[in-house]
Trainee: 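Quick one: the structure is below, and I'll ask about it shortly.
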Amino acid sequence: MRYDLVIFDNDGVLVDSEPISNTLLAGYLTELGHPTSYEESLRDYMGAAMHRVHDVVLERTGQRLPEDFDDTFHARVFAAFERELEPVDGVVEVLEKLTADGVPYCVASSGSHERIRVGHRKTGLDKWFEDERIFSSQDVGRGKPAPDLFLYAADRMGVSPEKCLVVEDSPLGVQAAGSAGMDVYGFTAMTPAERLDRADELFDDMRELPRLLD
């Protein structure tokens with residue numbers, strides 16, 4: 001195989017969380033007096049760490065979000081995850097194939113460690129991701145689109161960036177992977193392909209990934 005490490009984004013790549021979290025984010029921002037549609041939430045915040053939400057709202061309105069914004073939002077998201085969250089269709093087969101082939105993999109997500117773990121427990125993906133395979137923007141100073149998170153994950157996994165493949169579904173993630181000097185495949189099941197046109201490959205069915213890796 002061409003790569004020594006496959007780095008997965010989490011939301012929208014491993015767990016089908018983007019519709020849930022962006023619906024709730026748009027609703028909460030609107031509730032606070034910052035009208036936001038679901039489509040606008042996807043456009044502006046998909047793939048980003050929470051600090052981007054604060055930064056964008058402050059830049060656009062001059063107003064700061066409440067101090068408890070993150071805690072309130074995460075409580076709503078986690079409750080919805082417990083009711084609705086599912087793994088991305090086909091991702092278990094991909095993880096089975098990587099494991100059978102002895103290909104190292106990990107997850108590097110803009111989400112918090114708690115968010116990653118809550119989602120993995122609900123979907124059963126926790127059996128595939130031990131603690132040493134989980135990396136969060138909490139671990140670095142800057143989240144995506146900065147390359148820091150992907151570089152940190154590669155370093156902790158002992159693999160040089162040029163031997164890593166990143167699987168992403170957001171423009172911010174694709175940008176971060178490119179800045180890290182890594183190849184990146186854009187997953188277009190939910191994101192329009194033209195928004196991921198900087199990726200090295202595009203695919204819309206997770207079951208296609210093993211073939212692309214050969």
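All values reported here derive from a predicted model rather than from experimental measurement. Note: hydrogens, waters and symmetry copies are ignored here, and every other heavy atom, side chains too, is used.
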Trainee: Can V140 and F135 be said to form a side chain to side chain contact (heavy atoms under 4.5 Å, CB included), step by step?
Mentor: CA-CA 9 Å; V140 296; F135 305 101; over 6 Å; no
Trainee: Show me the pairs that pass side-chain hydrogen bond (donor to acceptor under 3.5 Å, both in side chains) and involve residues 123-132, at least two apart or across chains.
Mentor: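 Sorted result for residues 123-132: R117-D131, E130-R133.
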Trainee: Checking L202 now: which residues fulfil side chain to side chain contact (heavy atoms under 4.5 Å, CB included) with it, not counting sequence neighbours?
Mentor: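 Listed in chain order: T188, A193, L196, A199.
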Trainee: What about L125 and M157, same hydrophobic cluster or not, with Ile/Leu/Val/Met/Phe/Trp/Tyr joined at side-chain heavy-atom distances under 4.5 Å?
Mentor: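 No, L125 and M157 fall in different hydrophobic clusters.
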Trainee: Side chains of N10 and S109: is there a donor and an acceptor less than 3.5 Å apart?
Mentor: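 Not at all, the side chains of N10 and S109 share no donor-acceptor pair under 3.5 Å.
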Trainee: Parallel, tilted or perpendicular: which fits the ring planes of Y28 and F69, with parallel below 30° and perpendicular above 60°?
Mentor: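 Geometry flag for F69 against Y28: parallel rings.
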Trainee: Just to verify, what does K163 make a salt bridge (charged side-chain N to carboxylate O under 4.0 Å, His left out) with, not counting sequence neighbours?
Mentor: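 Partners of K163 under the salt bridge (charged side-chain N to carboxylate O under 4.0 Å, His left out) test: none.
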Trainee: Check for a donor-acceptor pair, side chain of H34 on one end and backbone N or O of T30 on the other, with a separation under 3.5 Å.
Mentor: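 No: the side chain of H34 does not pair with the backbone of T30.
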Trainee: Which side-chain N or O atoms in residues 173-184 pair as donor and acceptor under 3.5 Å with protein atoms at least two apart or in another chain?
Mentor:
unit_1 : atom_1 : unit_2 : atom_2 : d
S179   : OG     : Q175   : O      : 3.0
D183   : OD2    : Y3     : OH     : 2.6

Trainee: Mind jotting down which residue pairs meet the salt bridge (charged side-chain N to carboxylate O under 4.0 Å, His left out) criterion with at least one end in residues 94-113? Sequence neighbours excluded, please.
Mentor: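 Pairs touching residues 94-113 that pass the test: K97-D101.
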Trainee: In terms of hydrophobic clusters joined by side-chain contacts under 4.5 Å, are L5 and I116 together?
Mentor: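 The answer is no; the residues belong to distinct hydrophobic clusters.
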Trainee: Tell me every residue that passes salt bridge (charged side-chain N to carboxylate O under 4.0 Å, His left out) with R76, counting only those two or more places apart in sequence or in another chain.
Mentor: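 Per chain and number, R76 pairs via salt bridge (charged side-chain N to carboxylate O under 4.0 Å, His left out) with E31.
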Trainee: Sort and list the pairs that fulfil ring pair (Phe, Tyr, Trp, His ring centres under 6.0 Å) and have at least one residue in residues 187-206, not counting sequence neighbours.
Mentor: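 Found F187-F203.
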Trainee: I'd like to know if the side chain of S136 reaches the main chain of D139, judged simply by a donor and an acceptor atom lying under 3.5 Å from each other, with no hydrogens or angles considered.
Mentor: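 Not confirmed, S136 side chain does not pair with D139 backbone.
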Trainee: Going by distance alone, is a donor N or O of one side chain under 3.5 Å from an acceptor N or O of the other, for E114 and S112?
Mentor: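 No pair is found: no donor N or O on one side chain lies under 3.5 Å from an acceptor on the other.
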Trainee: Apply side chain to side chain contact (heavy atoms under 4.5 Å, CB included) to V15 and E86, showing your working.
Mentor: CA-CA 6 Å; V15 295; E86 299 289 342; over 6 Å; no
Trainee: List in chain and number order the residues that pass ring pair (Phe, Tyr, Trp, His ring centres under 6.0 Å) with F8, two or more places apart in sequence or in another chain; answer none if no residue qualifies.
Mentor: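 Listed in chain order: nothing, the list is empty.
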Trainee: Suppose we screen for salt bridge (charged side-chain N to carboxylate O under 4.0 Å, His left out). Which residues come up paired with E93, at least two apart in sequence or across chains?
Mentor: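 Testing E93 for salt bridge (charged side-chain N to carboxylate O under 4.0 Å, His left out), a comparison that skips the adjacent residues, returns R207.
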Trainee: Would you give me the side-chain donor-acceptor pairs under 3.5 Å for residues 143-156, sequence neighbours excluded?
Mentor:
unit_1 : atom_1 : unit_2 : atom_2 : d
K144   : NZ     : D9     : OD1    : 3.0
K144   : NZ     : A108   : O      : 3.2
K144   : NZ     : E168   : OE2    : 2.6
D148   : OD1    : R142   : NH2    : 3.0
D148   : OD2    : R142   : NE     : 3.4
Y152   : OH     : R156   : NH1    : 2.6

Trainee: If you measure from CG on N22 to OG on S17, what distance do you get to the nearest 0.5 Å?
Mentor: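 If I round to the nearest 0.5 Å, the distance is 8.5 Å.
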Trainee: Keeping to residues at least two apart or across chains, list the ring pair (Phe, Tyr, Trp, His ring centres under 6.0 Å) pairs with something in residues 164-183.
Mentor: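 Listed by first then second residue: nothing to list.
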Trainee: Donor-acceptor pairs under 3.5 angstrom involving side-chain atoms of residues 43-50: please list them, not counting sequence neighbours.
Mentor:
unit_1 : atom_1 : unit_2 : atom_2 : d
D44    : OD2    : R60    : NH1    : 3.0
D44    : OD2    : R60    : NH2    : 3.2

